[in-house]
Protein chains: 2
Amino acid sequence: MLDERKTAILSAVVQEYIATAQPVGSSHIAETPSINVSSATVRNEMAHLEHEGYLVQPHTSAGRVPTDKGYRYFVDHLTTPGRLDAATTRQVGEFFSAAHGRLEEMLHQTSNLLATLTNNAGVVVGPRAEAVPVRRVQIVGLSATAATVVVVFTNGTVENVPLELVEGDDELKLSAAGAHLSAGLDGRVLGAVSDVEPTGDAAVDRLCTTALEALRATASPDQVFTGGAAAVAKAFDAVEVVRSVLATLEQQFVVVTLVSDIVNRGMSVAIGVEHGVEPLSACSVVVAPVVIDGEHLGSVGVLGPTRMNYPQALATVEVVSEQLGNRIEEG
Amino acid sequence: MLDERKTAILSAVVQEYIATAQPVGSSHIAETPSINVSSATVRNEMAHLEHEGYLVQPHTSAGRVPTDKGYRYFVDHLTTPGRLDAATTRQVGEFFSAAHGRLEEMLHQTSNLLATLTNNAGVVVGPRAEAVPVRRVQIVGLSATAATVVVVFTNGTVENVPLELVEGDDELKLSAAGAHLSAGLDGRVLGAVSDVEPTGDAAVDRLCTTALEALRATASPDQVFTGGAAAVAKAFDAVEVVRSVLATLEQQFVVVTLVSDIVNRGMSVAIGVEHGVEPLSACSVVVAPVVIDGEHLGSVGVLGPTRMNYPQALATVEVVSEQLGNRIEEG
DNA sequence: TCTGGCACTCCAGCCTATCGACTGCCAGCG
DNA sequence: CGCTGGCAGTCGATAGGCTGGAGTGCCAGA
């Protein structure tokens, strides 16, 4: 734990560095209104802070830069939850009331919304459709050998998978199978249903079984949407860092793991190396779970340089996750 | 028009520069097997080529670099259509036979496919769903006030839009409206249908009308998918160029206009300033229309530095557009 | 018409010197 | 005892000067 003055100095360093991206020196800090000591005293304190790992000097005779530990102390102790300013809140509200159509499309746009609001990369890990109960199933024939299985979920989203037909599968059988599946699945979650009871009609039973199989096979591997590549390019000066961050962001699996990990550990911010993804060690991730009907079904987050604006990112992510949750509940 | 030797030299310069990204000097060219003259002669020819605008020197005493005009001559006269190598062709085939589910998702993945195959940004301007005939319409009630309209198209893709219900819209009315719409729309294109004939039941008619309206409202403004931000970051050394290219790629409107423009002018390659989008003046764009049932309903393309591998890009874009077209036709 | 050779140009890399922004430390003051 | 002003020291960033090398243009001769 740090005494009051060290705390004030650390806070000032972090804020100055976030604002300028330049190492900050003792005299700058001494000029801060809230600090009423001379630069010499600040120097002493900063030396302590460095010794304890909150700050580092890029080199002797340079100012100091916060370490991951320094940022961590800042977000844990010096950051008020901070309301999002009214204009932004309204913008988010408008976005979600204007949003319509496909869930995926909305999620994708949400990642872009996060990106533009925070000037960082936005990440949305999709609520998996399987966790939402089924409302209706229908099988639509397209030709003699092809059909599409359409599933409508209770939240209004729709999934579809192709299905191959065999001889004897006529329209009647298809709609019978659809009706039977609807009855068997209505109100239940796809993952919870292993099979429906037989109807006695072999063809219908076969259709039901294969359709169900196809549906479970399509069980979307957690879908993830990212946006804001340009923001990443703006955030870092070194082009290699831009490259490695962008390359990592394109590996969906890594992003999903990263975000889920943080959420599952009950954290909302992972700073620098804390998240353990080496190519992103210059980045922090701020996340919030998306809760739908009391269940945690997805996450939203932003990813930016460790010197990002944490209060703003936290507030934004919070508001967006909440409104996204509401929006999905409504359907 | 250039004589044979100038042509050979220009070609060698372009290829060397594409491979190395370094200004190429006369002696390098003279060593090329297909060039059987001394470096002095090559120098003379290169001076001519520069005078005529095919090459430039970044500065005296540096090698030469192709201009946009130089690349243009190269792709117009020196590039054989070039088959894609078998392995890649197979990869594309596998991709499309494995592709399933939502059209949008597939298009999005197609942009990523283009990106990974060519190491450039991939762009897909979506074939608008409205051009595909409808197979079936269904309205599924979710609650007393909300429903989802599901449209299955003949190619197996599915669209859905939310619909608000009013008092008196019960399940019976919903399915009646669905059936009526199915009958009225079956085999026809959404855009071609302005209204269905009345049934006599006011509630059903209202449902049909509003559902149809909602469907036409969702008429996606040309959708565009881009992928491969990391490739862009790898293609340019200067971080400002990366920034401006990525920022431009995020402006969907600009991308759609850019691609449509090129396709509409009947071109398949736009080099540097040819496409007129200033922030992308360091980029070339290679496109191919996606043709479905004889109609041009979308485009695929790649965007990369002017020193991209044109033959490969052309071949890739060609194969992908063709297979994407087939895939969508089949559904 | 082509070629070898030569003089010339100019960037990239390296070294050096200078400047300035820091720090650490110390002695003195309240 | 803690704070402060001051001073010496450190090191990166910047600018200037030098050199080596890659490349050119041009010319005279085959």
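Below, each value reflects all heavy atoms present in this structure, side chains not excepted, and no hydrogens, waters or symmetry copies. A, B, ... follow the sequence lines: proteins, then strands. Residue 1 opens every chain.
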Problem - Under 4.0 angstrom between Thr41(A) side-chain N/O and dC3(D) OP1 or OP2 - result: no

Using only modelled atom types and a 3.5 angstrom limit, is any donor from either the side chain of Ser61(A) or the base of dC22(C) paired with an acceptor on the other?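 Side chain to base: no pair present.
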
TODO: Indicate, yes or no, whether a donor-acceptor pair under 3.5 Å links the base of dG5(C) to the side chain of Arg43(B).
DONE: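 Donor-acceptor pair under 3.5 Å: yes.
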
Which listed nucleotide ([options]) is nearest to the side chain of [X]?
X	options	value
Val37(B)	dG24(C), dT3(C), dT24(D)	dT3(C)
Arg64(B)	dG25(D), dG23(D), dC22(C)	dG25(D)
Thr60(B)	dG23(D), dC10(C), dC22(C)	dC10(C)
Ala47(B)	dC10(C), dG25(D), dC25(C)	dG25(D)
Glu50(A)	dC25(C), dT3(C), dG24(C)	dG24(C)
His59(B)	dT24(D), dG4(C), dC11(C)	dC11(C)
Arg5(B)	dG25(D), dG5(D), dC2(C)	dC2(C)

Whole angstrom value for the distance that separates [atom2] of [N] from [atom1] of [X]:
X	N	atom1	atom2	answer
Met46(B)	dA22(D)	CE	C1'	13 Å
Tyr17(B)	dG23(D)	OH	P	14 Å
Gln57(A)	dG9(D)	CD	C1'	13 Å
Glu45(B)	dC26(D)	CD	P	15 Å
Leu49(A)	dG24(C)	CG	P	11 Å
Gln22(A)	dG20(C)	CD	P	18 Å
Ile9(B)	dT24(D)	CD1	P	11 Å
His48(A)	dC3(D)	NE2	C1'	13 Å

Original post:
What orientation do Tyr54(B) and Tyr73(B) show, parallel under 30°, tilted 30 to 60°, or perpendicular over 60°?
Top reply: perpendicular

Worksheet entry | Electrostatic pair Arg72(A)-Glu274(A), nearest N-O below 4.0 angstrom |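 Yes, charged N to carboxylate O under 4.0 Å.
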
*What does Ser39(B) touch in the nucleic acid at a heavy-atom separation under 4.0 angstrom: a base, only the sugar-phosphate, or nothing?*
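Answer is nothing: Ser39(B) stays at 4.0 Å or more from every strand.
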
Sugar-phosphate, base or nothing in reach of Ala62(B), heavy atoms under 4.0 Å: sugar-phosphate

Result for 5'-nearest mapping on DNA chain C, choosing between Ser38(B) and Asn44(A), is Ser38(B)

Could you tell me whether a side-chain N or O of [X] sits under 3.5 Å from a main-chain N or O of [Y], the two making a donor and an acceptor?
X	Y	value
His275(B)	Leu280(B)	yes
Thr32(A)	Ser34(A)	no
Glu16(B)	Gly25(B)	no

Paired with Val320(B), the side-chain contact (heavy atoms from CB on, under 4.5 Å) test is passed by just one of Leu114(B), Leu84(B), Thr118(B), namely Leu114(B)

